[in-house]
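Worksheet: one structure, shown below.
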Amino acid sequence: MTLSDSALADTPVAPARPASRGVPPPLVLGIGLLAAWWAIAALVDSAVMPTPVTAVERLLVNLQSTRFLDSAADTVLRLLTAYVGVAVVGAVTGFLLGLARFWAAAVSPLLYAVYSVPKIVLFPLFLLFLGLGDASQVGFAFFSGVLPMVLLVSAAAAAVPPLPLKLAASLRMSTPAVITKIVLPSILPAFAGALRLTFGLTFLGLLIAEMFTGVSGLGYELLRNVPLVRMGDIVGEVVLVILIALAPAIGLRTLETRVRARFGTTTEGDGR
Amino acid sequence: MSAQPLIRSHDVTRRFGAVEALGPLSLHGARGEFVSIVGPSGCGKSTMLEIVGGLQRPDSGSVFVAGVPLEGPRDETAIVFQDSATLPWRTVLDNVAFSLEARGVARDERRDIARRGLETVGLAAFAAHYPAQLSGGMRQRVALARALVTEPDLILADEPFGALDEQTRLLMSDELLAVVDRLGCGVLFITHSIQEAVLLSDRILVMSARPGRIVDEITVPLERPRTSEVLSSTAAAECVSRIWALIRREAQVAMQGAS
Ligand SMILES: Nc1ncnc2c1ncn2[C@@H]1O[C@H](COP(=O)(O)OP(=O)(O)OP(=O)(O)O)[C@@H](O)[C@H]1O
Ligand SMILES: [Mg+2]
(Lines give C-alpha, C1' and ligand atoms only; values in the text may rest on other atoms or scores of the structure.)
(Ligands and ions follow the chains in the order given, each with its own letter.)
Protein backbone atom coordinates (compact mmCIF):
# COMPACT_ATOMS: atom_id res chain seq x y z
CA MET A 1 0.00 0.00 0.00
CA THR A 2 1.32 3.44 -0.89
CA LEU A 3 0.57 6.43 1.20
CA SER A 4 -1.86 7.95 -1.27
CA ASP A 5 -3.87 4.83 -2.20
CA SER A 6 -5.17 6.86 -5.13
CA ALA A 7 -5.57 3.92 -7.47
CA LEU A 8 -8.42 2.65 -5.34
CA ALA A 9 -10.16 5.95 -5.24
CA ASP A 10 -11.49 6.66 -8.73
CA THR A 11 -15.17 6.36 -7.89
CA PRO A 12 -15.92 7.36 -4.32
CA VAL A 13 -19.31 8.64 -2.99
CA ALA A 14 -22.21 7.01 -1.19
CA PRO A 15 -22.21 3.53 0.37
CA ALA A 16 -23.23 0.70 -1.91
CA ARG A 17 -26.92 -0.05 -2.22
CA PRO A 18 -28.28 -3.47 -3.00
CA ALA A 19 -28.31 -3.79 -6.76
CA SER A 20 -31.77 -4.18 -8.33
CA ARG A 21 -31.46 -6.00 -11.59
CA GLY A 22 -34.24 -7.60 -13.63
CA VAL A 23 -37.56 -8.45 -11.94
CA PRO A 24 -37.48 -7.87 -8.16
CA PRO A 25 -37.99 -11.16 -6.25
CA PRO A 26 -41.01 -9.83 -4.27
CA LEU A 27 -42.81 -9.21 -7.55
CA VAL A 28 -42.08 -12.76 -8.70
CA LEU A 29 -43.43 -14.08 -5.41
CA GLY A 30 -46.52 -11.86 -5.69
CA ILE A 31 -47.31 -13.16 -9.15
CA GLY A 32 -46.73 -16.70 -7.94
CA LEU A 33 -49.16 -16.26 -5.05
CA LEU A 34 -51.74 -14.77 -7.39
CA ALA A 35 -51.42 -17.79 -9.67
CA ALA A 36 -51.78 -20.13 -6.68
CA TRP A 37 -54.89 -18.28 -5.54
CA TRP A 38 -56.33 -18.64 -9.01
CA ALA A 39 -55.59 -22.34 -9.15
CA ILE A 40 -57.15 -22.98 -5.73
CA ALA A 41 -60.21 -20.90 -6.58
CA ALA A 42 -60.66 -22.92 -9.75
CA LEU A 43 -60.41 -26.21 -7.83
CA VAL A 44 -62.75 -25.49 -4.90
CA ASP A 45 -66.30 -24.20 -4.77
CA SER A 46 -66.31 -20.65 -6.07
CA ALA A 47 -68.92 -19.52 -3.56
CA VAL A 48 -66.38 -19.96 -0.75
CA MET A 49 -63.27 -19.02 -2.67
CA PRO A 50 -63.71 -16.35 -5.32
CA THR A 51 -61.23 -16.00 -8.16
CA PRO A 52 -59.06 -12.88 -8.30
CA VAL A 53 -61.27 -11.61 -11.12
CA THR A 54 -64.45 -11.92 -9.06
CA ALA A 55 -62.78 -10.26 -6.08
CA VAL A 56 -61.53 -7.33 -8.12
CA GLU A 57 -64.89 -7.00 -9.86
CA ARG A 58 -66.66 -6.81 -6.50
CA LEU A 59 -64.10 -4.32 -5.28
CA LEU A 60 -64.68 -2.10 -8.32
CA VAL A 61 -68.43 -2.25 -7.80
CA ASN A 62 -68.01 -1.36 -4.13
CA LEU A 63 -65.76 1.52 -5.01
CA GLN A 64 -68.68 3.04 -6.94
CA SER A 65 -70.62 3.39 -3.70
CA THR A 66 -70.13 6.59 -1.75
CA ARG A 67 -70.65 4.80 1.53
CA PHE A 68 -67.84 2.36 0.82
CA LEU A 69 -65.55 5.13 -0.40
CA ASP A 70 -66.26 7.11 2.76
CA SER A 71 -65.45 4.03 4.78
CA ALA A 72 -62.14 3.57 3.02
CA ALA A 73 -61.34 7.27 3.43
CA ASP A 74 -62.20 7.05 7.15
CA THR A 75 -59.80 4.17 7.57
CA VAL A 76 -56.99 5.95 5.76
CA LEU A 77 -57.51 9.10 7.80
CA ARG A 78 -57.59 7.21 11.11
CA LEU A 79 -54.54 5.25 10.10
CA LEU A 80 -52.65 8.43 9.26
CA THR A 81 -53.63 10.10 12.53
CA ALA A 82 -52.66 7.09 14.63
CA TYR A 83 -49.42 6.47 12.75
CA VAL A 84 -48.23 10.08 12.97
CA GLY A 85 -49.00 9.86 16.68
CA VAL A 86 -47.02 6.63 16.98
CA ALA A 87 -44.04 8.09 15.12
CA VAL A 88 -43.92 11.38 17.01
CA VAL A 89 -45.03 10.41 20.51
CA GLY A 90 -43.27 7.04 20.41
CA ALA A 91 -39.99 8.41 19.10
CA VAL A 92 -39.85 11.37 21.49
CA THR A 93 -40.83 9.26 24.51
CA GLY A 94 -38.41 6.50 23.56
CA PHE A 95 -35.62 8.99 22.99
CA LEU A 96 -36.08 10.71 26.37
CA LEU A 97 -36.45 7.37 28.09
CA GLY A 98 -33.25 6.08 26.50
CA LEU A 99 -31.32 9.13 27.66
CA ALA A 100 -32.64 9.00 31.20
CA ARG A 101 -31.24 5.75 32.52
CA PHE A 102 -33.21 5.81 35.74
CA TRP A 103 -36.53 6.15 33.98
CA ALA A 104 -35.58 3.59 31.37
CA ALA A 105 -34.77 1.11 34.14
CA ALA A 106 -38.02 1.93 35.91
CA VAL A 107 -40.41 2.03 32.97
CA SER A 108 -39.06 -0.46 30.43
CA PRO A 109 -40.00 -3.65 32.32
CA LEU A 110 -43.51 -2.27 32.67
CA LEU A 111 -43.70 -1.49 28.95
CA TYR A 112 -42.46 -4.95 28.07
CA ALA A 113 -45.07 -6.46 30.37
CA VAL A 114 -47.87 -4.46 28.78
CA TYR A 115 -46.47 -5.20 25.35
CA SER A 116 -46.68 -8.92 25.94
CA VAL A 117 -50.37 -8.77 26.88
CA PRO A 118 -52.55 -9.51 23.82
CA LYS A 119 -53.68 -5.97 23.12
CA ILE A 120 -57.20 -6.91 22.20
CA VAL A 121 -58.07 -7.69 25.84
CA LEU A 122 -57.45 -4.05 26.60
CA PHE A 123 -59.78 -2.84 23.89
CA PRO A 124 -62.85 -2.67 26.20
CA LEU A 125 -60.94 -0.08 28.22
CA PHE A 126 -60.62 2.08 25.13
CA LEU A 127 -64.34 1.74 24.51
CA LEU A 128 -65.06 2.63 28.11
CA PHE A 129 -62.92 5.74 28.13
CA LEU A 130 -63.03 6.92 24.53
CA GLY A 131 -66.52 5.84 23.44
CA LEU A 132 -67.62 3.99 20.33
CA GLY A 133 -66.37 6.43 17.70
CA ASP A 134 -63.18 7.50 15.99
CA ALA A 135 -61.41 8.24 19.26
CA SER A 136 -61.33 4.68 20.52
CA GLN A 137 -60.39 3.31 17.09
CA VAL A 138 -57.55 5.77 16.56
CA GLY A 139 -56.60 5.32 20.21
CA PHE A 140 -56.37 1.56 19.91
CA ALA A 141 -54.41 1.78 16.65
CA PHE A 142 -52.02 4.23 18.30
CA PHE A 143 -51.68 1.94 21.29
CA SER A 144 -50.90 -1.01 19.02
CA GLY A 145 -47.95 0.79 17.44
CA VAL A 146 -46.60 3.09 20.09
CA LEU A 147 -45.14 0.57 22.54
CA PRO A 148 -42.76 -1.11 20.08
CA MET A 149 -41.75 2.34 18.87
CA VAL A 150 -40.91 3.46 22.41
CA LEU A 151 -39.07 0.23 23.20
CA LEU A 152 -37.01 0.16 20.01
CA VAL A 153 -36.05 3.84 20.09
CA SER A 154 -35.22 3.87 23.79
CA ALA A 155 -33.05 0.77 23.42
CA ALA A 156 -31.18 2.47 20.58
CA ALA A 157 -30.79 5.73 22.50
CA ALA A 158 -29.41 3.87 25.51
CA ALA A 159 -26.98 1.95 23.31
CA VAL A 160 -25.22 4.86 21.58
CA PRO A 161 -21.60 3.66 21.28
CA PRO A 162 -19.38 5.12 24.01
CA LEU A 163 -16.42 6.01 21.79
CA PRO A 164 -18.10 8.79 19.76
CA LEU A 165 -19.43 10.15 23.04
CA LYS A 166 -15.91 10.15 24.45
CA LEU A 167 -14.71 11.93 21.35
CA ALA A 168 -17.42 14.54 21.80
CA ALA A 169 -16.45 14.99 25.43
CA SER A 170 -12.80 15.45 24.49
CA LEU A 171 -13.86 18.13 22.00
CA ARG A 172 -15.95 19.79 24.72
CA MET A 173 -19.10 19.71 22.61
CA SER A 174 -22.26 21.13 24.12
CA THR A 175 -25.07 18.75 25.07
CA PRO A 176 -27.35 19.93 22.23
CA ALA A 177 -24.48 19.42 19.76
CA VAL A 178 -23.82 15.94 21.12
CA ILE A 179 -27.50 15.11 20.70
CA THR A 180 -27.83 16.41 17.14
CA LYS A 181 -24.44 15.32 15.85
CA ILE A 182 -23.96 11.99 17.60
CA VAL A 183 -26.98 10.62 19.46
CA LEU A 184 -29.64 11.28 16.80
CA PRO A 185 -27.60 9.98 13.85
CA SER A 186 -26.73 6.88 15.91
CA ILE A 187 -30.36 5.99 16.58
CA LEU A 188 -31.67 6.83 13.11
CA PRO A 189 -31.31 3.26 11.76
CA ALA A 190 -33.28 1.83 14.69
CA PHE A 191 -35.90 4.55 14.24
CA ALA A 192 -36.29 3.74 10.54
CA GLY A 193 -36.70 0.07 11.41
CA ALA A 194 -39.29 0.93 14.04
CA LEU A 195 -41.19 3.11 11.55
CA ARG A 196 -41.53 0.14 9.22
CA LEU A 197 -42.47 -2.31 11.95
CA THR A 198 -45.02 -0.10 13.70
CA PHE A 199 -46.84 0.84 10.51
CA GLY A 200 -48.13 -2.70 10.12
CA LEU A 201 -48.98 -3.00 13.82
CA THR A 202 -50.87 0.30 13.79
CA PHE A 203 -52.86 -0.70 10.72
CA LEU A 204 -53.67 -4.08 12.26
CA GLY A 205 -54.83 -2.43 15.48
CA LEU A 206 -57.06 -0.07 13.53
CA LEU A 207 -58.71 -2.81 11.46
CA ILE A 208 -59.43 -4.84 14.60
CA ALA A 209 -60.89 -1.83 16.35
CA GLU A 210 -63.07 -1.08 13.34
CA MET A 211 -64.31 -4.66 13.26
CA PHE A 212 -65.46 -4.47 16.84
CA THR A 213 -67.03 -1.05 16.98
CA GLY A 214 -67.23 0.49 13.56
CA VAL A 215 -70.07 2.13 11.83
CA SER A 216 -67.60 2.87 9.08
CA GLY A 217 -64.12 1.83 8.01
CA LEU A 218 -62.68 -1.11 6.12
CA GLY A 219 -62.58 -3.32 9.18
CA TYR A 220 -66.29 -2.72 9.67
CA GLU A 221 -67.02 -3.37 5.97
CA LEU A 222 -65.10 -6.61 6.12
CA LEU A 223 -67.02 -7.96 9.08
CA ARG A 224 -70.38 -6.72 7.77
CA ASN A 225 -70.02 -9.00 4.77
CA VAL A 226 -69.27 -12.12 6.76
CA PRO A 227 -72.84 -13.00 7.90
CA LEU A 228 -73.95 -12.33 4.34
CA VAL A 229 -71.28 -14.74 3.04
CA ARG A 230 -70.31 -12.24 0.38
CA MET A 231 -66.92 -13.78 -0.26
CA GLY A 232 -66.20 -11.77 -3.39
CA ASP A 233 -66.71 -8.53 -1.44
CA ILE A 234 -64.64 -9.71 1.50
CA VAL A 235 -61.69 -10.80 -0.58
CA GLY A 236 -62.01 -7.66 -2.69
CA GLU A 237 -61.67 -5.61 0.51
CA VAL A 238 -58.69 -7.63 1.60
CA VAL A 239 -57.13 -6.75 -1.75
CA LEU A 240 -57.86 -3.08 -1.08
CA VAL A 241 -56.32 -3.28 2.40
CA ILE A 242 -53.22 -4.86 0.92
CA LEU A 243 -53.05 -2.15 -1.72
CA ILE A 244 -53.35 0.59 0.91
CA ALA A 245 -50.62 -1.00 3.00
CA LEU A 246 -48.33 -1.83 0.10
CA ALA A 247 -47.10 1.60 -0.94
CA PRO A 248 -46.17 2.76 2.60
CA ALA A 249 -44.65 -0.63 3.37
CA ILE A 250 -42.40 -0.53 0.32
CA GLY A 251 -41.59 3.13 0.94
CA LEU A 252 -40.69 2.50 4.59
CA ARG A 253 -38.62 -0.54 3.66
CA THR A 254 -36.65 1.53 1.14
CA LEU A 255 -36.23 4.30 3.67
CA GLU A 256 -34.90 1.84 6.22
CA THR A 257 -32.43 0.30 3.78
CA ARG A 258 -31.09 3.72 2.83
CA VAL A 259 -30.85 4.98 6.39
CA ARG A 260 -29.04 1.81 7.45
CA ALA A 261 -26.60 2.10 4.57
CA ARG A 262 -25.90 5.73 5.38
CA PHE A 263 -26.03 5.84 9.17
CA GLY A 264 -25.51 2.24 10.29
CA THR A 265 -22.17 1.21 11.73
CA THR A 266 -22.28 -1.85 9.55
CA THR A 267 -23.69 -1.98 6.06
CA GLU A 268 -25.76 -5.13 6.41
CA GLY A 269 -29.56 -5.09 6.53
CA ASP A 270 -31.48 -6.87 9.25
CA GLY A 271 -32.20 -9.83 7.05
CA ARG A 272 -35.98 -9.65 7.31
CA MET B 1 13.77 20.26 29.81
CA SER B 2 12.01 23.61 30.10
CA ALA B 3 11.26 25.12 33.49
CA GLN B 4 7.52 24.59 33.33
CA PRO B 5 6.54 21.18 31.98
CA LEU B 6 3.50 20.80 29.75
CA ILE B 7 2.25 17.78 31.68
CA ARG B 8 2.99 16.93 35.28
CA SER B 9 1.14 14.19 37.11
CA HIS B 10 1.89 13.27 40.70
CA ASP B 11 0.94 9.96 42.32
CA VAL B 12 -2.13 9.44 40.18
CA THR B 13 -4.24 6.39 41.06
CA ARG B 14 -7.42 4.99 39.58
CA ARG B 15 -9.51 2.01 40.55
CA PHE B 16 -12.57 0.41 38.99
CA GLY B 17 -14.55 -1.19 41.78
CA ALA B 18 -12.21 -3.70 43.36
CA VAL B 19 -9.70 -3.47 40.50
CA GLU B 20 -6.72 -1.24 41.14
CA ALA B 21 -6.04 -0.21 37.58
CA LEU B 22 -3.37 2.41 37.93
CA GLY B 23 -0.66 3.93 39.98
CA PRO B 24 0.51 5.65 41.95
CA LEU B 25 1.95 7.07 38.76
CA SER B 26 3.96 10.23 38.26
CA LEU B 27 5.13 11.49 34.91
CA HIS B 28 6.04 14.71 33.20
CA GLY B 29 6.44 15.93 29.64
CA ALA B 30 7.69 19.16 28.18
CA ARG B 31 6.49 21.28 25.28
CA GLY B 32 7.92 19.84 22.10
CA GLU B 33 8.85 16.62 23.87
CA PHE B 34 7.74 13.23 22.53
CA VAL B 35 7.12 10.80 25.40
CA SER B 36 6.09 7.20 24.76
CA ILE B 37 4.60 4.72 27.17
CA VAL B 38 5.14 1.00 26.78
CA GLY B 39 3.78 -1.64 29.12
CA PRO B 40 1.89 -4.93 29.29
CA SER B 41 -1.72 -5.14 28.17
CA GLY B 42 -4.22 -4.05 30.82
CA CYS B 43 -1.65 -2.15 32.91
CA GLY B 44 -3.63 1.11 32.73
CA LYS B 45 -2.07 2.93 29.77
CA SER B 46 -5.38 3.97 28.21
CA THR B 47 -6.69 4.91 31.63
CA MET B 48 -3.70 7.18 32.26
CA LEU B 49 -4.11 8.77 28.84
CA GLU B 50 -7.76 9.52 29.48
CA ILE B 51 -6.90 11.02 32.84
CA VAL B 52 -4.37 13.36 31.23
CA GLY B 53 -7.01 14.11 28.58
CA GLY B 54 -9.47 15.15 31.30
CA LEU B 55 -11.95 12.41 30.37
CA GLN B 56 -11.52 10.52 33.64
CA ARG B 57 -10.75 11.82 37.09
CA PRO B 58 -8.02 10.18 39.11
CA ASP B 59 -9.07 8.80 42.51
CA SER B 60 -6.08 10.48 44.07
CA GLY B 61 -3.06 12.45 42.97
CA SER B 62 -2.85 15.54 40.81
CA VAL B 63 -2.51 16.38 37.13
CA PHE B 64 -1.29 19.74 35.84
CA VAL B 65 -1.36 20.61 32.16
CA ALA B 66 0.31 23.84 31.00
CA GLY B 67 0.72 24.80 34.65
CA VAL B 68 -2.99 24.61 35.44
CA PRO B 69 -4.70 21.89 37.53
CA LEU B 70 -6.66 19.77 35.08
CA GLU B 71 -10.42 20.18 35.49
CA GLY B 72 -11.62 18.42 32.34
CA PRO B 73 -10.93 18.20 28.63
CA ARG B 74 -9.09 21.23 27.26
CA ASP B 75 -9.28 22.77 23.79
CA GLU B 76 -5.55 22.57 23.11
CA THR B 77 -5.33 18.84 23.79
CA ALA B 78 -6.12 16.43 20.95
CA ILE B 79 -6.80 12.75 21.63
CA VAL B 80 -6.42 9.86 19.21
CA PHE B 81 -8.31 6.94 20.71
CA GLN B 82 -7.26 3.30 20.67
CA ASP B 83 -10.13 2.48 18.29
CA SER B 84 -10.51 4.99 15.54
CA ALA B 85 -13.84 6.53 16.65
CA THR B 86 -14.85 7.65 13.18
CA LEU B 87 -18.49 8.60 12.70
CA PRO B 88 -19.97 6.18 10.12
CA TRP B 89 -22.56 8.65 8.80
CA ARG B 90 -19.99 11.29 7.89
CA THR B 91 -17.67 11.30 4.92
CA VAL B 92 -13.95 11.02 5.60
CA LEU B 93 -13.59 14.76 4.99
CA ASP B 94 -16.36 15.67 7.42
CA ASN B 95 -14.95 13.26 9.98
CA VAL B 96 -11.68 15.17 9.91
CA ALA B 97 -13.53 18.49 9.96
CA PHE B 98 -15.55 17.33 12.98
CA SER B 99 -13.04 18.57 15.55
CA LEU B 100 -13.05 21.99 13.88
CA GLU B 101 -16.83 21.98 13.68
CA ALA B 102 -16.92 21.47 17.43
CA ARG B 103 -14.86 24.66 17.72
CA GLY B 104 -17.31 26.59 15.56
CA VAL B 105 -15.05 26.94 12.51
CA ALA B 106 -17.11 27.89 9.44
CA ARG B 107 -17.96 25.10 6.99
CA ASP B 108 -15.81 26.12 4.01
CA GLU B 109 -12.82 26.95 6.14
CA ARG B 110 -12.92 23.75 8.14
CA ARG B 111 -13.23 21.69 4.96
CA ASP B 112 -10.19 23.42 3.50
CA ILE B 113 -8.20 22.68 6.61
CA ALA B 114 -9.51 19.12 6.72
CA ARG B 115 -8.49 18.56 3.10
CA ARG B 116 -4.93 19.57 3.96
CA GLY B 117 -5.05 17.28 6.99
CA LEU B 118 -6.08 14.38 4.77
CA GLU B 119 -3.12 15.07 2.51
CA THR B 120 -0.84 14.80 5.52
CA VAL B 121 -2.07 11.28 6.25
CA GLY B 122 -2.19 10.30 2.58
CA LEU B 123 -5.96 9.99 2.27
CA ALA B 124 -6.79 13.01 0.09
CA ALA B 125 -8.27 10.73 -2.56
CA PHE B 126 -10.74 9.31 -0.03
CA ALA B 127 -12.30 12.57 1.10
CA ALA B 128 -15.76 11.64 -0.20
CA HIS B 129 -15.71 8.04 1.06
CA TYR B 130 -17.49 6.81 4.16
CA PRO B 131 -15.55 5.10 6.97
CA ALA B 132 -17.17 1.73 6.20
CA GLN B 133 -15.38 1.84 2.83
CA LEU B 134 -11.97 2.20 4.50
CA SER B 135 -9.71 -0.33 6.14
CA GLY B 136 -9.13 -0.17 9.90
CA GLY B 137 -5.71 1.37 9.40
CA MET B 138 -7.10 4.01 7.07
CA ARG B 139 -9.79 4.88 9.60
CA GLN B 140 -7.08 5.29 12.20
CA ARG B 141 -5.32 7.76 9.90
CA VAL B 142 -8.59 9.69 9.60
CA ALA B 143 -8.69 9.92 13.39
CA LEU B 144 -5.09 11.11 13.43
CA ALA B 145 -5.85 13.79 10.85
CA ARG B 146 -8.84 14.88 12.92
CA ALA B 147 -6.56 15.37 15.91
CA LEU B 148 -3.85 17.21 13.98
CA VAL B 149 -6.06 19.78 12.24
CA THR B 150 -6.86 21.53 15.52
CA GLU B 151 -3.16 22.41 15.89
CA PRO B 152 -3.00 21.18 19.49
CA ASP B 153 -0.19 21.93 21.91
CA LEU B 154 -0.57 18.43 23.36
CA ILE B 155 -1.36 15.23 21.48
CA LEU B 156 -2.45 12.14 23.39
CA ALA B 157 -2.29 9.11 21.14
CA ASP B 158 -3.38 5.61 22.17
CA GLU B 159 -1.68 3.10 19.85
CA PRO B 160 -2.68 5.10 16.78
CA PHE B 161 -0.62 2.95 14.42
CA GLY B 162 -1.59 -0.38 15.96
CA ALA B 163 -3.74 -1.37 12.99
CA LEU B 164 -1.26 -0.30 10.31
CA ASP B 165 1.04 -2.50 8.29
CA GLU B 166 4.78 -2.05 8.79
CA GLN B 167 5.46 0.19 5.77
CA THR B 168 2.50 2.49 6.40
CA ARG B 169 3.46 2.58 10.05
CA LEU B 170 6.92 3.91 9.19
CA LEU B 171 5.57 6.43 6.70
CA MET B 172 2.98 7.63 9.21
CA SER B 173 5.66 7.89 11.87
CA ASP B 174 7.66 10.19 9.59
CA GLU B 175 4.57 12.31 8.94
CA LEU B 176 3.76 12.48 12.65
CA LEU B 177 7.34 13.52 13.49
CA ALA B 178 7.19 16.25 10.85
CA VAL B 179 3.85 17.57 12.10
CA VAL B 180 4.94 17.46 15.73
CA ASP B 181 8.11 19.37 14.89
CA ARG B 182 6.11 21.95 12.95
CA LEU B 183 3.54 22.43 15.73
CA GLY B 184 6.13 22.21 18.49
CA CYS B 185 3.58 20.28 20.53
CA GLY B 186 4.12 17.79 23.30
CA VAL B 187 3.10 14.18 22.70
CA LEU B 188 2.14 11.35 25.02
CA PHE B 189 2.15 8.24 22.88
CA ILE B 190 1.12 4.71 23.78
CA THR B 191 2.55 1.87 21.74
CA HIS B 192 3.27 -1.83 21.88
CA SER B 193 6.14 -1.51 19.44
CA ILE B 194 9.54 -0.84 20.99
CA GLN B 195 10.97 0.06 17.59
CA GLU B 196 8.23 2.60 17.08
CA ALA B 197 8.83 4.05 20.53
CA VAL B 198 12.55 4.43 19.79
CA LEU B 199 11.90 5.98 16.39
CA LEU B 200 9.46 8.56 17.68
CA SER B 201 10.37 9.38 21.25
CA ASP B 202 12.68 11.60 23.17
CA ARG B 203 11.87 9.60 26.26
CA ILE B 204 10.28 6.20 26.82
CA LEU B 205 8.44 5.26 30.01
CA VAL B 206 8.11 1.58 30.85
CA MET B 207 5.06 0.68 32.90
CA SER B 208 4.65 -2.27 35.25
CA ALA B 209 1.80 -4.73 35.13
CA ARG B 210 -1.45 -3.61 36.74
CA PRO B 211 -1.71 -1.41 38.78
CA GLY B 212 0.58 0.38 36.37
CA ARG B 213 3.51 2.42 37.66
CA ILE B 214 6.54 3.78 35.86
CA VAL B 215 9.34 1.29 36.48
CA ASP B 216 11.91 2.53 33.99
CA GLU B 217 12.66 5.57 31.96
CA ILE B 218 14.92 5.62 28.90
CA THR B 219 16.15 8.76 27.18
CA VAL B 220 16.56 8.05 23.47
CA PRO B 221 20.00 9.27 22.35
CA LEU B 222 18.91 10.29 18.86
CA GLU B 223 18.81 13.84 17.51
CA ARG B 224 15.58 15.43 16.31
CA PRO B 225 14.41 16.12 13.66
CA ARG B 226 14.70 12.53 12.55
CA THR B 227 13.07 10.15 10.11
CA SER B 228 12.57 6.41 10.04
CA GLU B 229 16.08 6.09 8.57
CA VAL B 230 17.57 6.39 12.07
CA LEU B 231 16.24 2.91 12.80
CA SER B 232 19.12 1.46 10.81
CA SER B 233 21.69 3.26 13.02
CA THR B 234 23.60 1.36 15.71
CA ALA B 235 22.48 3.86 18.36
CA ALA B 236 18.85 2.99 17.63
CA ALA B 237 19.55 -0.74 17.59
CA GLU B 238 21.33 -0.52 20.95
CA CYS B 239 18.44 1.46 22.39
CA VAL B 240 15.91 -1.12 21.20
CA SER B 241 17.82 -4.02 22.72
CA ARG B 242 18.29 -2.14 26.01
CA ILE B 243 14.54 -1.58 26.30
CA TRP B 244 13.92 -5.19 25.38
CA ALA B 245 16.10 -6.28 28.26
CA LEU B 246 14.27 -3.98 30.67
CA ILE B 247 10.85 -5.11 29.55
CA ARG B 248 11.79 -8.77 29.64
CA ARG B 249 12.82 -8.33 33.26
CA GLU B 250 9.61 -6.48 34.01
CA ALA B 251 7.53 -9.21 32.39
CA GLN B 252 9.34 -11.90 34.41
CA VAL B 253 8.71 -9.99 37.62
CA ALA B 254 5.05 -9.58 36.69
CA MET B 255 4.70 -13.28 35.95
CA GLN B 256 6.36 -14.32 39.20
CA GLY B 257 4.10 -11.86 41.05
CA ALA B 258 1.06 -13.42 39.45
CA SER B 259 1.93 -17.02 40.36
N1 LIG C 1 -14.47 1.55 32.53
C2 LIG C 1 -13.85 0.55 33.17
N3 LIG C 1 -14.52 -0.20 34.06
C4 LIG C 1 -13.91 -1.20 34.72
N5 LIG C 1 -12.64 -1.55 34.56
C6 LIG C 1 -11.90 -0.85 33.69
C7 LIG C 1 -12.47 0.24 32.94
N8 LIG C 1 -11.50 0.74 32.15
C9 LIG C 1 -10.40 0.01 32.38
N10 LIG C 1 -10.63 -0.94 33.31
C11 LIG C 1 -9.63 -1.89 33.82
O12 LIG C 1 -8.48 -1.19 34.15
C13 LIG C 1 -7.33 -1.85 33.72
C14 LIG C 1 -6.50 -0.97 32.81
O15 LIG C 1 -7.21 -0.75 31.60
P16 LIG C 1 -6.58 0.06 30.40
O17 LIG C 1 -7.59 0.08 29.30
O18 LIG C 1 -6.10 1.37 30.87
O19 LIG C 1 -5.34 -0.88 30.00
P20 LIG C 1 -4.29 -0.70 28.82
O21 LIG C 1 -2.95 -0.63 29.45
O22 LIG C 1 -4.69 0.42 27.94
O23 LIG C 1 -4.42 -2.08 28.04
P24 LIG C 1 -4.23 -2.38 26.48
O25 LIG C 1 -2.75 -2.33 26.21
O26 LIG C 1 -4.75 -3.77 26.33
O27 LIG C 1 -4.99 -1.34 25.74
C28 LIG C 1 -7.79 -3.13 33.04
O29 LIG C 1 -7.63 -4.18 33.95
C30 LIG C 1 -9.24 -2.91 32.76
O31 LIG C 1 -9.95 -4.10 32.89
MG1 LIG D 1 -5.39 0.58 26.04
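What's counted below: heavy atoms across the whole structure, side chains too, no hydrogens, waters or symmetry copies. Convention: sequence-line order gives letters A, B, ...; per-chain numbering from 1.
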Hey, can you pull the donor-acceptor pairs under 3.5 Å for the side chains in residues 141-157 of chain A, sequence neighbours left out?
residue	atom	partner	partner atom	Å
S144(A)	OG	F140(A)	O	2.8
S154(A)	OG	V150(A)	O	3.0
S154(A)	OG	L151(A)	O	3.2

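- Surrounding CD of E229(B) are at most 12 heavy atoms belonging to other residues, nucleotides or ligands under 6.0 Å away.
- In this structure, the separation between CZ on R172(A) and CZ on R74(B) is 9.5 Å, given to the nearest 0.5 Å.
- Minimum heavy-atom separation, S99(B) to L171(A): CB-CD2, 3.6 Å.
- Per-residue counts of heavy-atom pairs under 4.5 Å with chain A were compared for V92(B), T150(B), I79(B), D83(B); the largest is that of D83(B).
- Looking at A177(A), neither its backbone nor its side chain comes within 4.5 Å of chain B, counting heavy atoms on both sides.
- The minimum heavy-atom distance linking F263(A) with P88(B) is given by the pair O-CG, 4.1 Å.
- Neither the backbone nor the side chain of L188(A) comes within less than 4.5 Å of any heavy atom of chain B.
- Within 6.0 Å of CZ on R103(B) lie more than 12 heavy atoms contributed by other residues, nucleotides or ligands.
- What you find for P73(B) and A169(A) is that their closest heavy atoms are CG-O, 3.3 Å.
- Heavy atoms only, all atoms of each residue included: F81(B) and L167(A) are closest at CE1-CA, 3.8 Å.
- Both the backbone and the side chain of S186(A) have a heavy atom closer than 4.5 Å to some heavy atom of chain B.
- Proximity to chain A (any heavy atom under 4.5 Å) is restricted, for E101(B), to the side chain, taken from C-beta onward.
- For R262(A) (side chain) and W89(B) (main-chain N/O), a donor-acceptor pair under 3.5 Å exists by modelled atom type.
- Annotation for Y112(A): atom OH does not count as buried by contact number, only 12 or fewer foreign heavy atoms lying within 6.0 Å.
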